[in-house]
Amino acid sequence: MAIRPPHVLVIGAGTGGLCLAHGLRRAGISVAVYERHRTRADGLLGYRVGIGPTGSRALRDCLPPELFDIYLATCARSPRYFNVLSQRMQHTASFPLRPDTHPVDTERSVARMTLRQVLLTGMEDVVQFDRTFTRYEQHDDGTVTAHFADGGTATGDLLVAADGTHSAVRRQYLPHAVIRDAGTINIATRIPLTDRTRALLPETVQRGISLIFGTGGVMGVLHVMEFKWDRDGRLKPGVADDDVALLAGWPGLRHDTTRDNINLVVWSTARRFPPDVMQRRGAELIRVALELTANWHPRLRGLLSLADPGSALPIRVSTSEPVPPWKSSTVTLLGDAIHTMTPGRGVGANTALRDANLLRRQLILAAVGEKTLVQAVADYEAAMVPYGFARVADSLNRSGTNGDDRMYQPVFGRLALLGARGYFRVTSRVPRLRRKFVDDFYTYRGEQD
Ligand SMILES: Cc1cc2nc3c(=O)[nH]c(=O)nc-3n(C[C@H](O)[C@H](O)[C@H](O)COP(=O)(O)OP(=O)(O)OC[C@H]3O[C@@H](n4cnc5c(N)ncnc54)[C@H](O)[C@@H]3O)c2cc1C
């Protein structure tokens, strides 16, 4: 078999696309990434992403070692508790999480914007901004050409769709694939973390992932995001010397406007929102969140009313249908482009990273001539499709991200809420069940191939 290392075209400089690009470059495989955003700071990058062992492992395998250390140094303080709260801020349950001593086997909180800056580090010669992909052509000689809105083209041996939920590559390659509205809407807000806002939260909530199960089918999730830099972007006193050395020289911090904050996301079935909610922004949107949470504890409402209006964002939650098998070729997909999932289990980005790592390994085998490029793609897809759509299914059925969930129905909703609270209460209080809950949490978030 003739060995000619492939040239890979990646559409989309998001979580999965950039991780793949790093992994390929490290392996000496030629790669170019095309991103529609005009600059490295554009896009809806405001909220927190939870990266579990699956995601961190992929980052460790793909990123240059020093950049992986920067990723670790730029994570927010790791959550130590998984809390379940009522709308009145009573603790239904609190599960202690594992200490964050291991670089990979830890649950980490990352700001979306910061992760993007980490992933863009050192990729100036690989990522082209302001290049909106429009269509591709596959040629008889096995190459593939991507066309862009600016009239330009790029030709390579493999085209990877890493262009997210509304993937233009998928629309052409798998036109029968179905992305659908899951029927829920989130309002994401960020509240500056100050002495005043911190004082509104008990210690376990300050140090935890807190899921709020409210009555009337209104849910929330709250994360306190504390970084190693202060509001002026200067490193805080007490940061370890190693991290100071890493971060002081990291150019990404100059592009990153992320500061200590409280991420508070409120969601419910779309029926509970005003019809024009997706057009609302700023104070008007925060007002919608406050109306939805009228019976919530005054401290939670106090936080919402202190949210930065510029951070408030409505998100219509999407999911996807399993795609019947297709014949593998010189076009493939990863992440949300193929298996968009609701945020119900917080694994969309983790799964995109897992895809990137798996595809990287397969492409290395093709590059050294152990298999053909199309066989490598086929082997990647044979593994990715089953686990990807399994995550789609379990994400939809958790945390009320499906607008048709029983919890949004008048009578069943009340029973479902009582059932969920009862489950968490008992599980957190019986040592054997509590241990199993935490073990399952890490097993699920640590899946690997
Ligand atoms: C509210 C919310 C909370 C979430 N929380 C978590 C969490 O805690 N943990 C977790 O694992 N996941 C979480 N997710 C899911 C996660 O954000 C996504 O699954 C993940 O970002 C998908 O990565 P990706 O690389 O596939 O796509 P993206 O990161 O969306 O990247 C796609 C890129 O492609 C670009 N692009 C799109 N079209 C084109 C085009 N035509 N030409 C060129 N470029 C294009 C986009 O601009 C973008 O940069 C959450 C999602 C939501 C909505």
Side-chain angles (χ1 to χ4, degrees), residues 48 50 52 78-98 107 109 184 186-189 191 197-224 262-269 272 289-290 292-304 342-347 394-402 405-445:
R48 177 251 184 202
S78 298
R80 293 301 308 276
Y81 302 95
F82 178 87
N83 305 308
V84 179
L85 307 179
S86 73
Q87 79 281 356
R88 303 298 304 166
M89 260 179 112
Q90 284 148 341
H91 272 77
T92 305
S94 190
F95 299 89
L97 298 178
R98 296 178 186 159
E107 179 62 21
S109 288
T184 47
N186 292 2
I187 298 180
T189 66
I191 300 116
T197 55
R198 189 195 295 276
L200 296 173
L201 299 172
E203 175 68 16
T204 44
V205 175
Q206 286 182 34
R207 297 290 328 260
I209 302 170
S210 301
L211 208 51
I212 306 165
F213 276 77
T215 51
V218 181
M219 304 277 296
V221 67
L222 186 152
H223 304 275
V224 175
I262 301 168
N263 252 222
L264 179 51
V265 181
V266 172
W267 76 92
S268 189
T269 177
R272 295 290 306 271
L290 281 165
L292 268 179
T293 55
N295 69 344
W296 284 27
H297 194 286
R299 288 181 176 213
L300 290 172
R301 289 171 50 75
L303 285 178
L304 271 179
T342 75
R345 301 215 62 179
V347 289
D394 28 66
S395 295
L396 184 62
N397 297 321
R398 285 297 277 265
S399 305
T401 55
N402 179 352
D405 198 290
R406 278 190 324 160
M407 67 186 289
Y408 298 121
Q409 293 166 14
V411 178
F412 281 125
R414 183 101 194 113
L415 293 173
L417 179 67
L418 290 175
R421 284 183 180 166
Y423 162 78
F424 283 114
R425 190 172 293 119
V426 171
T427 307
S428 66
R429 282 167 181 71
V430 177
R432 190 174 49 82
L433 298 180
R434 187 171 62 227
R435 268 197 307 278
K436 183 170 180 330
F437 181 91
V438 174
D439 288 349
D440 289 351
F441 175 88
Y442 284 97
T443 304
Y444 184 78
R445 299 188 65 73

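Fair warning: this is a prediction, and the values are worked out from it, not measured in the lab.
- The side-chain heavy atoms of S395 and V347, taken from C-beta on, include a pair separated by under 4.5 Å.
- The shortest non-hydrogen separation linking R414 to T215 is NH1-CG2, 3.4 Å.
- Of the inter-residue distances, the one linking T342 atom OG1 with N397 atom CG reads 8.5 Å to the nearest 0.5 angstrom.
- Heavy-atom minimum distance, G217 versus Y408: O-CE2, 3.1 Å.
- The shortest side-chain heavy-atom distance between I212 and W296 falls under the 4.5 Å cut-off.
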TODO: Carefully, step by step, assess F412 and M407 under the rule side-chain contact (heavy atoms from CB on, under 4.5 Å).
DONE: CA-CA 6 Å; F412 281 125; M407 67 186 289; over 6 Å; no

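- With hydrogens and angles ignored, the 3.5 Å screen pairs no side-chain donor or acceptor of T401 with any backbone N or O of P343.
- Contact detail for A199 and R299: the closest heavy-atom pair is O-NH1, 3.5 Å.
- The existence of a salt bridge linking R398 and D405 is excluded, since no basic side-chain nitrogen approaches an acidic carboxylate oxygen closer than 4.0 Å.
- More than 12 heavy atoms of other residues, nucleotides or ligands shown are found within 6.0 angstrom of CZ on R88.
- Of the possible polar contacts, none joining the R434 side chain to the F95 backbone as a donor-acceptor pair under 3.5 Å is found.
- Between I209 and H223, the shortest heavy-atom contact is CG2-CE1, 3.5 Å.
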* To do: Please step through side-chain contact (heavy atoms from CB on, under 4.5 Å) for the pair L290 and R301, ending with a clear verdict.
  => CA-CA 7 Å; L290 281 165; R301 289 171 50 75; 3.9 Å; yes

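- Atom CZ of R432 has 12 or fewer neighbouring heavy atoms from other residues, nucleotides or ligands inside a 6.0 Å radius.
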Problem - V426/L433 under side-chain contact (heavy atoms from CB on, under 4.5 Å): CA gap, chis, key distance, verdict - result: CA-CA 8 Å; V426 171; L433 298 180; 4.1 Å; yes

Exercise. Could you walk me through whether L222 and V224 pass the side-chain contact (heavy atoms from CB on, under 4.5 Å) test, one step at a time?
Key: CA-CA 7 Å; L222 186 152; V224 175; 4.2 Å; yes

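- Remark: side-chain polar atoms of S210 are not paired, donor with acceptor, to backbone N or O of L85 under 3.5 angstrom.
- For the salt bridge (charged side-chain N to carboxylate O under 4.0 Å, His left out) condition, the pairs that include at least one residue of residues 198-215, sequence neighbours left out, are R198-E226.
- Distance CG/L292 to CD/Q87: 13.0 Å, rounded to 0.5 Å.
- By the salt bridge (charged side-chain N to carboxylate O under 4.0 Å, His left out) test, R421 pairs with no residue at all, sequence neighbours left out.
- Side-chain atoms of R445 come within 3.5 Å of backbone atoms of G50 as a donor-acceptor pair (strictly under, hydrogens ignored).
- Residues L200 and M89 come closest through the heavy atom pair O-CE, 3.6 Å.
- Using a 4.5 Å heavy-atom threshold, the side chains of E107 and F441 count as touching.
- Y442 places a side-chain N or O within donor-acceptor distance of the main-chain N or O of R98, the cut-off being under 3.5 Å.
- Below 30°, between 30° and 60°, or above 60°: for F437 and F424 the angle between ring planes is above 60°, a perpendicular geometry.
- Side chains of S428 and H91 form no contact here, defined as non-hydrogen atoms less than 4.5 Å apart.
- In terms of modelled atom types and a separation under 3.5 Å, the side chain of N83 and the main chain of T204 share a donor-acceptor contact.
- Between L264 and T189, the shortest heavy-atom contact is O-OG1, 2.8 Å.
- Side-chain contact between V218 and R272: present, with at least one pair of heavy atoms (C-beta onward) separated by less than 4.5 Å.
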